[in-house]
Amino acid sequence: MSLWEYANPKKFLRTSEAVLPYLWGLAALCLVVGLVWGFFFTPDDYRQGSTVKIIYLHVPSALMAINAWLMMLVASLIWLIRRHHVSALAARAAAPVGIAMTLIALMTGAIWGQPMWGTWWAWDPRLTSFLILFLFYLGYVALWAAIEDPDTAADLTSVLCIVGSVFAILSRYAVNFWNQGLHQGASLSLDKEENVADVFYFPLLVAIAGFVLLFVALVLYRTGTEIRARRIRALLARERAGAA
C-alpha cells in the first residue's frame with residue numbers, strides 16, 4: 001500500500017473518519033492527565049514558584065505552533081511537486097490550528113514573563129521571531145481567502161509557506177543563534193542534562209502528547225471539511241454552468 005493512495009479524497013475521508021474517534025479520545029485523555037497532573041500534583045519551583053506550571057500550556061503550544069507550520073511546509077511542497085489537492089487542503093486546514101497554538105504560546109509566555117522579567121513583552125529574539133511567525137500565519141489565511149481560484153491560491157500560499165519557514169526555524173533555534181535575550185533555554189532536549197526536573201518532565205511529556213494528538217485530530221477533521229466544501233463549490237459551479 002502506497003502512502004500516495006491517501007491523496008485520493010474518498011480514501012482520505014474514509015480513513016480519517018475511522019481514526020478520528022480514537023484520536024479525540026486519546027487527545028482528551030492525555031490532555032486531562034497531563035494538565036491535572038502538572039497543575040495540581042507537582043510542587044512549586046524553588047525560584048519561579050507556582051508560575052513554573054504554565055509550562056504545561058506554553059511549551060506544548062509553542063512546539064505545535066512551530067511544527068504546524070513545518071507540517072504545512074511539507075504539505076505545500078507535496079502540492080507543488082505532486083499536485084495532490086488533499087495536501088494543499090491539509091495545509092490550509094492546519095493554518096487556523098497553528099494560529100490558535102501560536103496565540104496560546106504568546107499569551108502564556110506574556111503571563112509567565114510579567115512576574116519573571118517584570119514586563120509583559122520584551123523584544124527578545126525568540127519572542128520577536130514568534131510574533132513574526134504569527135503574522136505569517138495570518139497572512140497565509142488571508143491569502144487563501146483573497147484568491148478565488150483554488151489552485152492559484154494553493155500555489156501562492158505554498159510559496160508564502162516556504163518563505164515563512166525561515167521564521168519557524170528561527171523561532172525554534174533563536175536562543176541558540178543569539179546569546180542575548182531574556183528567554184530561557186529549552187525545557188526539553190535530546191540532552192538529558194538540559195531537561196527540566198523529572199517531577200515536571202513526565203507530566204509535560206503527557207501534555208505534549210495531548211497537544212500533538214489534538215493537532216492531528218483537528219487537522220484531519222478540518223481537512224475533511226475542506227474536501228467537502230471543495231466538492232460543494234464544484235457542484236454549484238457545475239449547476240451554474242448548466243443553467244447558463
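A quick note: this is a predicted structure, and the numbers were derived from the prediction, not measured.
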Among the clusters formed by ILVMFWY side chains lying less than 4.5 Å apart, do L77 and V159 turn up in the same one?
-> no

When rounded to the nearest 0.5 Å, the distance separating CG of L220 from OG1 of T225 is 11.0 Å

Is any side-chain heavy atom of W24 less than 4.5 Å from a side-chain heavy atom of L213?
-> no

Linking I/L/V/M/F/W/Y whenever any side-chain heavy atoms sit under 4.5 Å apart, do L31 and F40 land together?
-> yes

Note: L160 and L143 closest approach over all heavy atoms is CD2-CD2, 4.2 Å

How about H85 and P150: do any of their side-chain heavy atoms sit closer than 4.5 Å?
-> no

Should T157 and R92 count as side-chain neighbours, where that means a heavy-atom distance under 4.5 Å?
-> no

Would a hydrophobic clustering, with Ile, Leu, Val, Met, Phe, Trp and Tyr connected at side-chain separations under 4.5 Å, put Y137 with V163?
-> yes

Are T42 and P203 close enough that some pair of their side-chain heavy atoms sits under 4.5 Å apart?
-> yes

Could you tell me the separation between the CD1 atom of I54 and the CD1 atom of I111, rounded to the nearest 0.5 Å?
-> 5.0 Å

Any F200 side-chain heavy atom under 4.5 Å of L204 side chain = no

Among D151, L89, V86, V74, which one satisfies side-chain contact (heavy atoms from CB on, under 4.5 Å) with W79?
-> D151

Pairs under 3.5 angstrom only: tabulate donor-acceptor contacts from the side chains of residues 98-110 to other protein residues two or more places apart or in another chain.
{"residue": "T102", "atom": "OG1", "partner": "G98", "partner atom": "O", "Å": "2.7"}
{"residue": "T108", "atom": "OG1", "partner": "H58", "partner atom": "ND1", "Å": "3.0"}
{"residue": "T108", "atom": "OG1", "partner": "I104", "partner atom": "O", "Å": "2.6"}
{"residue": "T108", "atom": "OG1", "partner": "A105", "partner atom": "O", "Å": "3.2"}

To the nearest 0.5 angstrom, please state how far the SG atom of C30 sits from the CG atom of L205.
-> 11.0 Å

Measure the OG1-CZ distance between T223 and F12 for me, rounded to the nearest 0.5 Å.
-> 4.5 Å

CZ of F39: more than 12 outside heavy atoms within 6.0 angstrom?
-> yes

So, the side chain of S87 versus the backbone of R83: is there a donor-acceptor pair under 3.5 Å, distance only?
-> no

Do I55 and W112 come close enough that some side-chain heavy atom pair is under 4.5 Å?
-> no

Do W37 and Y56 come close enough that some side-chain heavy atom pair is under 4.5 Å?
-> no

Any side-chain heavy atom of L80 within less than 4.5 Å of one from I162?
-> yes

Is R230 salt-bridged to E226, going by a charged N under 4.0 Å from an acidic O?
-> no

For the pair W69 (side chain) and C161 (backbone), establish whether a donor and an acceptor sit closer than 3.5 Å, ignoring hydrogens and angles.
-> yes

One should read off an interatomic distance between M64 CE and L70 CG, to the nearest 0.5 angstrom, of 10.0 Å

Distance from L135 atom CG to F130 atom CZ, nearest 0.5 Å?
-> 12.0 Å

